[in-house]
Asker: 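Attaching a single structure in structure tokens format; questions to follow.
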Amino acid sequence: MNIAILSRNKHLYSTQRLLEAAKSRGHKAVIVDFLRCYMTIASHKPTLHFHGKELNDMNAVIPRIGASVSFYGAAVVRQFEMMDILSLNKSVGITRSRDKLHSLQMLSCKGIGLPVTGFANRPDEIEDLIRMVGGAPLVIKLLSGTQGIGVVLAETKQAASSVIEAFMGLKANILVQEYIKEAKGADIRCFVIDGKVVAAMERRAKAGEFRSNLHRGGTSKLIKITPEERSTAVRSARILGLSVAGVDILRANHGPVVMEVNSSPGLEGIEKATGKDIAGMIIDFLEKTIQLKQEKNAKKLKNIN
Ligand code: ADP
Ligand code: MG
């Protein structure tokens, strides 16, 4: 197979591991900086170019799209889809998961456990918004934040309303969320591939911090998850339409609640915490999907003839 890994930085652990896993299985794999790709959108013949050459001989692409470049990244993935080239995760799933509000809305209507979450643009009643999510302490999040940046814990109602006002003054879109205190600064990352949790780790915040992100100094370790957590993770990935996803869950008193679903989950933390070859599993899944696609196309062709 010809595989393109859509990544901005070839030195990243995840990018390198995917490249290695693809090559070791005998595939031709290249790293493509998707921001340098350009495309033509013309009737019947969508094309995509990189370094002056048309990229049309790919069998599959693996998107590794960073949060700050999701708009262009999703457009590149969509273009590959228009060219009938398989993408590990579909552009629509990537776009949904990047928007915390959009994904929580989709998960809520399917009955997935969530922290009570409020969303507002310019509420005339900030106090009512705070009351809606159960009062202080509460968590305030920038809608498009990542790696823990833009996630604030407001301990009191006064702190909450000042932070909400400040974010609103900056015209930032924010979520206001029930604080799951009993999680004690820990969350669970479930790595889902093709409808199964293939690995799970607990991430714990460093002392004095409530955000467990590894980028914020959190540490990770292997953990055994419950059947309910497992099914919550699998269902969340399915609802958002993601074949590969990192589903982040908090252990609340009333059961697992999903915080967010990541469509380009990092491999370093999870591979190191669990000792599993996740990159290899991703390539195995791609092989299986391509084969199914080829068999389906062959059948279609046979029916036409
Ligand atoms: P990001 O996309 O920046 O990672 P998250 O929503 O995942 O933002 O929040 C970052 C971290 O903050 C989480 O990993 C978790 O440890 C903590 N956190 C977020 N929301 C809550 C909440 N409602 N209750 C308790 N802790 C939370
Ligand atoms: Mg997170």
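Atoms within each ligand, like the ligands themselves, are counted from 1 in listed order.
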Asker: Select the closest option to atom 18 (N) of ligand 1 among Arg204, Met259, Arg211, judged by heavy-atom distance.
Answerer: Met259
Asker: So for atom NE2, which belongs to His215, do other residues, nucleotides or ligands contribute more than 12 heavy atoms lying within a distance under 6.0 Å?
Answerer: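 It does not: His215 NE2 has 12 such atoms or fewer within range.
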Asker: Just one of Ser91, Ser243, Ser97, Ser70 clears the side-chain hydrogen bond (donor to acceptor under 3.5 Å, both in side chains) bar with Ser263, so which one?
Answerer: Ser97
Asker: Considering Val151, Leu175, Asn213, which one's heavy-atom position lies nearest to atom 11 (C) of ligand 1?
Answerer: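 Result: the heavy atom closest to atom 11 (C) of ligand 1 is in Asn213.
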Asker: Enumerate the side-chain hydrogen bond (donor to acceptor under 3.5 Å, both in side chains) contacts for residues 101-111, please, sequence neighbours excluded, ordered by first and then second residue.
Answerer: none
Asker: Only one of Leu267, Leu12, Ile31, Ile278 clears side chain to side chain contact (heavy atoms under 4.5 Å, CB included) with Leu18; which?
Answerer: Leu267
Asker: Heavy-atom count check: over 12 atoms from other residues, nucleotides or ligands less than 6.0 Å from His51 NE2?
Answerer: no
Asker: Any idea how many protein N, O or S atoms are nearer than 2.8 Å to the Mg ion (ligand 2)?
Answerer: 1
Asker: Check each atom of ligand 1 against the heavy atoms of Tyr179 and keep those under 4.0 Å away; list them by number with element.
Answerer: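 Result: 24 (N), 25 (C).
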Asker: Check the surroundings of atom CD in Glu127: do more than 12 heavy atoms from other residues, nucleotides or ligands lie under 6.0 Å from it?
Answerer: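 Open.
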Asker: With the side chain counted from C-beta on, respond yes when Ile225 and Ile249 share a heavy-atom pair under 4.5 Å apart, and no when they do not.
Answerer: no
Asker: Would you call the rings of Tyr179 and Phe210 parallel, tilted or perpendicular, where under 30° means parallel and over 60° means perpendicular?
Answerer: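 Judged by the thresholds at 30° and 60°, the geometry between Tyr179 and Phe210 is perpendicular.
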Asker: Output every pair passing salt bridge (charged side-chain N to carboxylate O under 4.0 Å, His left out) with a member in residues 66-86, not counting sequence neighbours, ordered by first then second residue.
Answerer: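 Residue pairs passing salt bridge (charged side-chain N to carboxylate O under 4.0 Å, His left out), neighbours aside: Asp84-Lys293.
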Asker: Heavy atoms only, cut-off 4.0 Å: how does Asp187 contact ligand 1, side chain, backbone, both, or neither?
Answerer: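 Side chain only.
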Asker: Test of understanding: given a 4.0 Å heavy-atom threshold, classify the contact between Asp248 and ligand 1 as side chain, backbone, both, or neither.
Answerer: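 Answer for Asp248: neither.
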Asker: Does any N or O of ligand 1 fall below 3.5 Å from an N or O anywhere on Gly185, backbone included?
Answerer: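 There is no such contact.
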Asker: Between Arg17 and Glu271, is the closest basic N to carboxylate O distance under 4.0 Å?
Answerer: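 Yes, charged N to carboxylate O under 4.0 Å.
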Asker: When you measure from atom 23 (N) of ligand 1 to every protein heavy atom, which one gives the shortest distance, and what is it?
Answerer: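 Checking every protein heavy atom, the shortest distance to atom 23 (N) of ligand 1 gives Glu178 O, 2.8 Å.
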Asker: Can you report which non-hydrogen protein atom sits closest to atom 24 (N) of ligand 1, along with the distance?
Answerer: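 Of every protein heavy atom, Ile180 N, 2.9 Å lies nearest to atom 24 (N) of ligand 1.
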Asker: Enumerate the atoms of ligand 1 whose separation from the nearest heavy atom of Glu260 is less than 4.0 angstrom.
Answerer: 1 (P), 2 (O), 4 (O), 5 (P), 7 (O), 8 (O)
Asker: Name all residues meeting the side-chain hydrogen bond (donor to acceptor under 3.5 Å, both in side chains) criterion together with Asn173; count only those two or more places apart in sequence or in a different chain, and write none if there are none.
Answerer: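 Asn173 satisfies side-chain hydrogen bond (donor to acceptor under 3.5 Å, both in side chains) with no other residue.
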Asker: Please report which non-hydrogen protein atom sits nearest to atom 3 (O) of ligand 1, along with the residue it belongs to and the distance in Å to one decimal place.
Answerer: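 Here the closest protein heavy atom is Gly148 N, 2.6 Å.
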Asker: Between the candidates Arg189, Lys100, Arg98, which shows the shortest non-hydrogen contact distance to atom 2 (O) of ligand 1?
Answerer: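 Heavy atom nearest to atom 2 (O) of ligand 1 belongs to Lys100.
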Asker: Salt-bridged, Glu229 to Arg251, with N to O below 4.0 Å?
Answerer: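 Yes, charged N to carboxylate O under 4.0 Å.
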Asker: Can you tell me which residue and heavy atom of the protein come closest to atom 17 (C) of ligand 1, and the distance to 0.1 Å?
Answerer: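 Atom 17 (C) of ligand 1 sits closest to the protein heavy atom Phe210 O, 3.8 Å.
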Asker: Give the atoms of ligand 1, by number and element, whose distance to some non-hydrogen atom of Lys141 is under 4.0 Å.
Answerer: 5 (P), 6 (O), 19 (C), 20 (N)
